Amino acid sequence: MLENLPKTYNPKDFEDRLYKYWEDNGYFSPKIDKTKKPFTIMMPPPNVTGSLHMGHALNNTIQDILIRWKRMDGYEALWQPGTDHASISTEARVVAKLRSEGKSKEELGREKFLEEAWDWTHLYGGRIKNQLKKLGVSCDWSRERFTLDEQLSKAVEEVFIRLYDKGLIYRGNRIVNWCPSCKTAISDAEVEHEDSHGHIWQIRYTLKDSTGFIEIATTRPETMLGDLAIAVNPNDERYKGLIGKTAILPLVNREIPIIADEYVEMEFGTGAVKITPSHDPNDFEVGERHGLGQLIIMNEDGTINSNGGVYEGLDRYEARKKIVEDLEKNNYLVAVKDHDNAVGHCERCKTTIEPLISKQWFVKMEPLAKPALEAYEKGELKFIPERFGKIYAHWLENIKDWCISRQLWWGHRLPVYYCDTCGEIIVSRTKVDKCHKCNSSNVRQDTDTLDTWFSSALWPFSTLGWPDKTPELDYFFPTDVLVTGYDIIFFWVIRMVFSSIEQMGEIPFKDVFLTGLVRDSQGRKMSKSLGNGIDPLEIIEEYGADALRFTLVTGNSPGNDMRFYIERVEANRNFANKLWNATRFVLMNIEEDLIYDSIDIDKLEQEDKWIISKLNKVIKDVSDNLGKYELGLGAQRIYDFIWDEYCDWYIEMVKSRLYGENKESKITAQKVLVFVLKNILKLLHPFMPYITEEIWHHLPNNDKALIVSEWPKYNHEFEFEGAELAVEYIKAAIKSIRNARAEMNIAPSKKANTIFVTEDDTIKEIIENGKRHFMNLASAESITVFDNKEEIGEDNISVVLDRCEVFLPLKELIDYEKEIERLEKEKEKLEGEIKRVVGKLSNQGFVNKAPAKVVEEEREKQRKYEEMLNKVLERLESLNKSK
RNA sequence: GGUCGGUUAGCUCAGCUGGCAGAGCGCCACGUUGACAUCGUGGAGGUCGUUGGUUCGAGCCCAAUAUCGACCACCA
């Protein structure tokens, strides 16, 4: 007996130790080996100051499964890890921290603030890395990168300058989404629209010539302070006479023109729209068309500015309230109606977005989007599941320019300088002290930083050393698959694709595997505010990383949200325990000095061939599943094989040989036990890396770690169809016998002579060969095989099988009422089956058109069921007679 | 308004190219044989949301419909 395992599976005993062992041995670090194929995955960089949540656990588990599989399958597998500086959220946290200390970012100044931010980063920066390690991720930590690393910053700067030089980055005064809380512009992708129940106010503007008035409708009355016109549709008969006239803006008393523009929809509201070019994207365009100019009425914090007259200083919502009151007081307000519309919110802080005209930097998207779309349309870029391709394409087809400047300090500062003397804009790789145009030294760098996603868009190549030509970039790029949540397709996936095409000339990855959300057991999104988040680390602590990993990849399909149930983790922990104990059994029953590395096919017995043949199929299926990203199916396949075939049947079948006298048979069983177990461990390793590696080191003849062992291959020598059929027949027979005994309440300990009656030579042979199994697994005391039942007495339990009948002469235990009941049930079942089969076969269409194989199978079923039914009827008849 | 998902056992979900409906949990009965009670054996439980269609054959394909959900969207 070999070194034993502890009696129960306790993952805490070895998980951390094994992780260190893998890492210390450099197993996570691939080499550049041109004789081997690379396989690369870029880890979506978590926020540097973030902490591990179920979403991370899910997609990192998936990535780890793929990486471990490919590594074993002979690839140089690089999994590139790192973290993201997450400008807006990190900055918000540092600002909040400062506020709690009674300080503000402004009074601290840029330099000091950045010091604070770096302190914060260093304080929390290692946390998520250590949490990921707990999960067992086999990424190459020696290559860890951070988006603010010097190298990556260089890449950011390089891309900015290249795009600027190509005219793809420009500065413009345009309507942007402004977050009054974060006090920065954000991109369209960062705005979340949410339906809200609001109001629409109908307001009367008097005409200057006192000939009447015009009524407009608005959902944001406070913006009237910035009105520069009223627009109507040129085809609107109601207003034809008013076009060109002047209206007086209520409360403000500004004179504004009534203009005609196609943009106005006659059916909506009153058919007349107030135009506020500085605070609404549509109005902005109308304003441009009609040369209305601009009037900004709001400060960056959402309060009304000095252009708002008496309303100056009020928050936008206070101003709204006050303005409505004043309108009402002065009889300008005609009506208020309930009105639902979608309001934009800041993705980070949920504050309502204020559309605001502002001078910002933009990336011109159309030329970049086009090839990104083509890559998808040509099929170079694939999505799993496919439906996400449409979402990707739809976004690209409707893309708008990307606002990339942020009024934040934490991030990549724009490499842009302004000459205050001559107004020149200088974009430069190096610090600029003097204007190259007017030679003035009155030059200052732009204070803005870039959108975080601008740097993460470069992640697939910046982490490999770009813009330098590095061997890593040459070997590992492009990557193979991206695994990420569907919620960041717009933020990240799309931007990586076009950035990569633009800078590298090719797509950054071929496949995009999208995961769904992990929700709580009630189907709610896990969130901090709800307090319903489940901490992966707590789960790992209690059940082990393997159980958590297995839970996350089974029981759902890619791209679908999943509910997280602790019961499922428990079930998977139990599975690990099952494997653990199966291994203990094997270890208790093998010999130390035996060589287990080869098995001799000639010496294999029936059940050996059966399990090896089954294993062979599992190897094929799991490999296929992994290749198609069907991780859940693959995991399930191994689970079933381990539990239902290896543990429930093979181990049970082989026990008698292990305890028996036949030395050679025993050795063969021992070798097969170990052989199959080793293969199981390999197949399961990507899913449950810890337990498999731990067990592996207890098995004999293992010279290297499981993590770098070879992935099993399908082997044609292991196709044993005959043995498979035979063992499956035996299994079915054992189940039927057990069933009959259980229904008759006969304890398994009560052994019975078991008499088989069959004329079929194949069946006879199977039974003869399977005697042992009936004795051990079907409570048989002895086995007898007869050609017919004449030699058998009357007082039996009978079990009808395919081409065979089994009799258990347990006279004193038989309750004939029950036996009849049981057989009646059997009869009904068979009659139902026969009805179905006969129906099918009497359909000429089926017989003529279905594949011959299918028809033949049905015929065979008909024969089988009818034969079995006859036996049941016979049996019932004789029972009723003797009653 | 547009697009896309889900609807299968009591619960949560699988179900690959159309060919006898599956798993885990839960439930019922029995079980301490030296791997495992984190277990074993047996069992109950489903008109695959509804209606049509295609097909020899539909959980799967098509069309409607109901319902829940997600995403996109500048109707003031």
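Just so we're clear, the structure is a prediction, and the values are computed from it rather than from any experiment.
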Roughly how far apart, to the nearest Å, are B/rG52 and B/rG40 at atom C1'?
49 Å

Pairing residues for A/D487 by the salt bridge (charged side-chain N to carboxylate O under 4.0 Å, His left out) criterion, not counting sequence neighbours
none

From C-beta outward on A/W395, which listed nucleotide comes closest to its side chain: B/rC20, B/rA73, B/rA76?
B/rA73

Please work out if A/T554 contacts a base, only the sugar-phosphate, or nothing of the nucleic acid, heavy-atom cut-off 4.0 Å.
nothing

Out of B/rA35, B/rC36, B/rC74, whichever nucleotide has its closest atom nearest the side chain of A/I651:
B/rA35

When the C1' atoms of B/rC13 and B/rC20 are compared, how many Å lie between them, rounded to an integer?
22 Å

If you take all heavy atoms of A/R584 and A/P6, which pair is closest and at what distance?
CD-O, 3.3 Å

Strictly below 4.0 Å: does A/N341 bring a side-chain N or O up to OP1 or OP2 of B/rC75?
no

Is any side-chain nitrogen or oxygen of A/K578 closer than 4.0 Å to OP1 or OP2 of B/rG40?
yes

Pairing pattern in dot-bracket form [Watson-Crick, G-U; both distances under 3.5 Å; | = partner strand] for RNA chain B
(((((((..((((.....[..)))).(((((.......))))).....(((((..]....))))))))))))....

Output for pair (A/N739 CG, A/I734 CD1), nearest 0.5 Å, gives 13.5 Å

Any luck finding a side-chain donor-acceptor pair between A/H199 and A/D338 under 3.5 Å?
yes

Please give, in whole Å, the distance from B/rG10 P to A/Y565 OH?
15 Å

Closest to the A/N577 side chain, choosing from B/rU38, B/rG42, B/rA35:
B/rU38

For RNA chain B, which residues of residues 218-225 of chain A approach it to below 4.0 angstrom with any heavy atom?
A/T218, A/T219

Roughly how far apart, to the nearest Å, are B/rU65 and B/rA73 at atom P?
26 Å

Salt bridge check, A/K853 against A/E858: does any charged N sit closer than 4.0 Å to a carboxylate O?
no

Report, one pair per line, the protein and nucleotides 55-58 of chain B atoms (nitrogen or oxygen only) whose separation is under 3.5 Å.
residue	atom	partner	partner atom	Å
B/rC56	OP1	A/K849	NZ	2.1
B/rC56	O4'	A/G845	O	3.3
B/rC56	O2'	A/N843	ND2	2.6

In terms of side-chain heavy atoms of A/F490, which of B/rA35, B/rA70, B/rC71 is nearest?
B/rC71

Should the pair A/K655 and A/Y650 be classed as cation-pi, given the thresholds of under 6.0 Å to the six-membered ring centre and 45° from the axis?
no

Starting the side chain at C-beta, find the nucleotide from B/rA70, B/rA76, B/rU38 nearest to A/T8.
B/rU38

Looking at the base of B/rA35, is there any donor atom on it, or on the side chain of A/E652, that sits under 3.5 Å from an acceptor on the other one?
yes

Tell me what A/Y646 touches on the nucleic acid: a base, only sugar-phosphate, or nothing, going by heavy atoms under 4.0 Å.
nothing

Flag for A/S557-A/N560: side-chain donor and acceptor within less than 3.5 Å
yes

Is it the case that the ring center of A/W580 lies less than 6.0 angstrom away from the ring center of A/F14?
yes

side-chain contact (heavy atoms from CB on, under 4.5 Å) filter on A/R563, not counting sequence neighbours, yields A/Y565

Are A/K818 and A/E821 close enough for a salt bridge, meaning some N to O gap below 4.0 Å?
no

Under 4.0 angstrom between A/N625 side-chain N/O and B/rC16 OP1 or OP2:
no

Of the nucleotides B/rA14, B/rG40, B/rA73, which one has an atom closest to the side chain of A/D648?
B/rG40

Nearest-Å distance for atom pair CD1/P, residues A/I797 and B/rG42
16 Å

All heavy atoms of A/V191 vs all of A/G344, minimum pair found to be CG1-CA, 3.6 Å

At their closest point, which heavy atom of A/L292 faces which heavy atom of A/A229, and how far apart are they?
CD1-CB, 3.6 Å

Closest contact, heavy atoms only, A/I216 versus A/T270:
CA-OG1, 3.5 Å

Looking only at B/rA35, B/rG15, B/rA76, the nucleotide nearest the A/Y263 side chain is B/rA76

Give each protein N/O atom lying under 3.5 Å from an N/O atom of nucleotides 1-7 of chain B, with the pair distance.
residue	atom	partner	partner atom	Å
B/rC4	OP1	A/K390	NZ	3.4

Does either side chain, that of A/Y486 or that of A/D561, offer a donor lying less than 3.5 Å from an acceptor on the other one?
yes

Whole angstrom value for the distance that separates C1' of B/rG42 from CZ of A/R738
9 Å

Residue set satisfying salt bridge (charged side-chain N to carboxylate O under 4.0 Å, His left out) with A/D815, at least two apart, ordered chain then number -> none

Using the P atom as the point on both nucleotides, what is the distance between B/rG31 and B/rC48, in whole Å?
38 Å

Between B/rU32 and B/rC16, how far apart are the two P atoms, rounded to whole Å?
43 Å

Residues two or more places apart in sequence or in another chain: which of them pass salt bridge (charged side-chain N to carboxylate O under 4.0 Å, His left out) with A/E215?
A/R204

Check this for me: does the side-chain of A/R573 come within 3.5 Å of the base of B/rU38 through a donor and an acceptor?
yes

Inter-nucleotide C1' distance (B/rC61, B/rG43), Å rounded
37 Å

Return the polar atom pairs (N/O with N/O) between nucleotides 46-49 of chain B and the protein under 3.5 Å, or none.
none

Could you state the atom-to-atom distance from NZ of A/K818 to P of B/rA29 in whole Å?
14 Å

Taking only Lys NZ, Arg NE, NH1 and NH2, and the carboxylate oxygens of Asp or Glu, determine whether A/D624 and A/K617 approach each other closer than 4.0 Å.
no

Would you measure the distance from the C1' atom in B/rA64 across to the matching atom in B/rC27 and give it in whole Å?
39 Å

Can you list everything that forms a side-chain contact (heavy atoms from CB on, under 4.5 Å) with A/S358? Sequence neighbours excluded, please.
A/V176, A/Q360

So what does A/V264 touch, heavy atoms closer than 4.0 Å: a base, only the sugar-phosphate, or nothing?
base

Would you measure the distance from the P atom in B/rU7 across to the matching atom in B/rA14 and give it in whole Å?
7 Å

Please report the distance, rounded to the nearest Å, between CD1 in A/I353 and P in B/rC74.
13 Å

Testing B/rA76, B/rC36, B/rA70 for proximity to the side chain of A/N581, the answer is B/rC36

Check the phosphate of B/rA35 against A/Y650, side-chain N and O only, distance under 4.0 Å to OP1 or OP2. Yes or no?
no

Of all the nucleotides listed (B/rC75, B/rC74, B/rC20), which has the minimum atom distance to the side chain of A/F268?
B/rC75

Listed by chain and number, what are the side-chain contact (heavy atoms from CB on, under 4.5 Å) partners of A/T551, not counting sequence neighbours?
A/F564, A/R568, A/V569, A/N572

Looking at A/K853, I'd like to know whether one of its side-chain N or O atoms comes within less than 4.0 Å of OP1 or OP2 on B/rG19.
no

Measure all distances between protein nitrogen or oxygen atoms and nitrogen or oxygen atoms of nucleotides 24-26 of chain B, and list the pairs falling under 3.5 Å.
none

